[in-house]
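Chain letters run A, B, ... following the sequence lines, proteins first and then strands; every chain starts at 1.
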2 protein chains.
Amino acid sequence: MADPALPRRRRRRTAAAGDPARVFAALGEPARLRIVSRLCDAGPLSIARLTEGARVSRQAVTKHLHALEQAGLVQGGRAGREQIWALRPERLGDAQRYLDRISQQWDEALQRLQAFVEDDGPA
Amino acid sequence: MADPALPRRRRRRTAAAGDPARVFAALGEPARLRIVSRLCDAGPLSIARLTEGARVSRQAVTKHLHALEQAGLVQGGRAGREQIWALRPERLGDAQRYLDRISQQWDEALQRLQAFVEDDGPA
DNA sequence: TGGATACGCAACCATATGGTTGCATATTGT
DNA sequence: ACAATATGCAACCATATGGTTGCGTATCCA
């Protein structure tokens with residue numbers, strides 16, 4: 001990590017890996033999804049910087065950041081008088097893998113259906 | 001702006017592909033995520049069948065199904081006195097691709113950071 | 001036909017959620 | 001020290017959300 005603002009690993013109170021709904025819920029709010037997106041391609045940003053691009057107040061942004069933190073998607077740390085928030089891509093990976101898994105289940109279900117049709121279907 | 005001269009696009013009640021937050025919000029409710037998961041590996045199910053596995057009332061399940069429909073994740077149809085709901089995997093694919101995209105942005109940001117460190121960093 | 005099954009609709013309720021404003025605190029820089 | 005900046009905290013508010021119950025309707029089947 002190049003950013004000295006990021007504190008040491010603080011793994012508390014964040015969503016467990018086996019809680020995909022929490023991550024999806026966090027991403028399900030347009031303002032929050034935007035924050036995640038911005039952190040994704042701009043790197044760690046302060047609350048003030050994040051508020052610049054948003055249409056809501058600083059406090060609203062702060063609340064969203066806390067929600068994202070609860071979901072394990074972002075992590076914050078202080079740098080002087082600023083609080084810097086950074087993306088934490090692990091949970092995004094979790095969400096991806098979850099979608100992959102149920103998509104695969106869907107494909108398997110389709111295959112089972114095909115097998116059933118071939119077996120029992122119209123002669 | 002929609003030019004009135006252009007052929008009108010089919011207006012859908014369901015979420016547009018470019019509305020990932022809506023899909024994530026739909027998946028962000030544990031009960032709904034469970035419904036999606038069940039439809040994924042069990043195939044189309046009636047409301048009664050879906051209610052069997054749920055801890056909430058049939059009406060709650062119905063509401064969730066409507067929410068999922070709004071997000072474009074499921075589609076319902078009648079079969080006699082039953083209403084059958086089926087998964088609609090396209091939106092899941094959209095969500096997957098969205099996560100892929102921002103994950104990739106994150107990777108590119110990391111690479112930019114590395115390039116910056118190599119260029120300007122401690123000699 | 002009549003009962004059982006499957007569902008839709010509407011009203012209602014408690015809480016969660018997203019947003020705001022006001023004010024206090026800490027940090028920076030002159 | 002002082003003003004400006006960046007943030008935290010708490011109260012407050014309107015609406016959305018998830019859940020329930022009650023009741024009416026359609027369909028299946030004996």
Side-chain angles (χ1 to χ4, degrees), chain A residues 3-7 10 12-13 15 19 21-39 42-71 73-86, chain B residues 13 15 19-39 42-71 73-86:
Chain A
D3 199 330
L6 297 181
R10 196 179 48 163
R12 278 168 200 177
R13 252 190 255 105
D19 200 356
R22 219 177 172 88
V23 177
F24 288 135
L27 297 176
E29 178 64 39
R32 284 197 292 261
L33 192 55
R34 184 125 192 277
I35 289 177
V36 168
S37 177
R38 287 190 62 192
L39 289 180
L45 293 174
S46 72
I47 295 179
R49 300 271 293 165
L50 281 170
T51 304
E52 282 177 28
R55 299 174 202 169
V56 294
S57 67
R58 173 180 59 86
Q59 286 80 355
V61 172
T62 297
K63 281 194 183 180
H64 285 310
L65 285 169
H66 287 325
L68 290 169
E69 184 185 35
Q70 293 299 312
L73 280 168
V74 300
Q75 188 178 21
R78 267 215 172 273
R81 65 182 157 183
E82 298 186 336
Q83 175 131 21
I84 308 295
W85 290 88
Chain B
R13 304 171 262 78
D19 200 356
R22 220 178 172 88
V23 177
F24 288 134
L27 297 176
E29 178 63 39
R32 285 198 292 261
L33 191 55
R34 183 126 193 278
I35 289 176
V36 168
S37 177
R38 287 188 63 191
L39 289 181
L45 293 174
S46 72
I47 295 180
R49 299 272 292 165
L50 282 170
T51 303
E52 284 177 26
R55 298 174 202 169
V56 294
S57 68
R58 171 180 59 86
Q59 287 79 356
V61 172
T62 298
K63 281 193 182 180
H64 284 310
L65 284 168
H66 287 325
L68 290 169
E69 184 184 36
Q70 292 300 312
L73 280 167
V74 299
Q75 189 177 19
R78 268 215 172 273
R81 63 181 158 180
E82 298 185 337
Q83 175 130 21
I84 308 295
W85 290 88

Check your understanding: Quick one: B:Glu69 CD to C:dG8 P, roughly how many Å, whole number?
Key -> 10 Å
Taking N or O atoms only and anything under 3.5 Å, show me the protein contacts with nucleotides 12-15 of chain D, one pair per line.
none

Review point. What nucleic acid atoms does A:Ala60 come within less than 4.0 Å of, heavy atoms only: base, sugar-phosphate, or nothing?
Key: base
Within the sub-3.5 Å range, which N or O atoms of nucleotides 24-30 of chain C have a protein N or O partner, and how far apart are they?
residue	atom	partner	partner atom	Å
C:dT27	O2	A:Arg81	NH1	3.2

Check your understanding: In whole angstrom, what separates A:Trp85's CH2 from D:dT7's C1'?
Key -> 12 Å
Exercise for review: With the side chain of A:Val56 defined as its heavy atoms from C-beta on, choose the nearest nucleotide among C:dG19, D:dG8, D:dG18.
Suggested key: C:dG19
Point to revise | Axis deviation across the helix from C:dT1-D:dA30 to C:dT30-D:dA1, five-pair ends, to the nearest 10° | key: 30°
Exercise for review: Figure out the CG/P separation between A:Leu65 and D:dC9, and round it to whole Å.
Suggested key: 14 Å
Check your understanding: Is A:His66 close to A:Lys63 at the side-chain level, that is, under 4.5 Å between some pair of heavy atoms?
Key -> no
Practice item. Please tell me which of the listed nucleotides, C:dA6, C:dG18, D:dT7, lies nearest to the side chain of A:His64? Key: C:dG18
Review point. Looking only at N and O atoms, is any donor in the side chain of A:Gln59 or the base of C:dG18 less than 3.5 Å from an acceptor on the other one?
Key: no
Practice item. Tell me whether the OP1 or OP2 atom of D:dT20 has a side-chain N or O from B:Ser57 closer than 4.0 Å. Key: yes
**Study point:** A:Glu29 side-chain proximity, nearest of D:dG19, C:dG19, C:dC7
**Key:** C:dG19
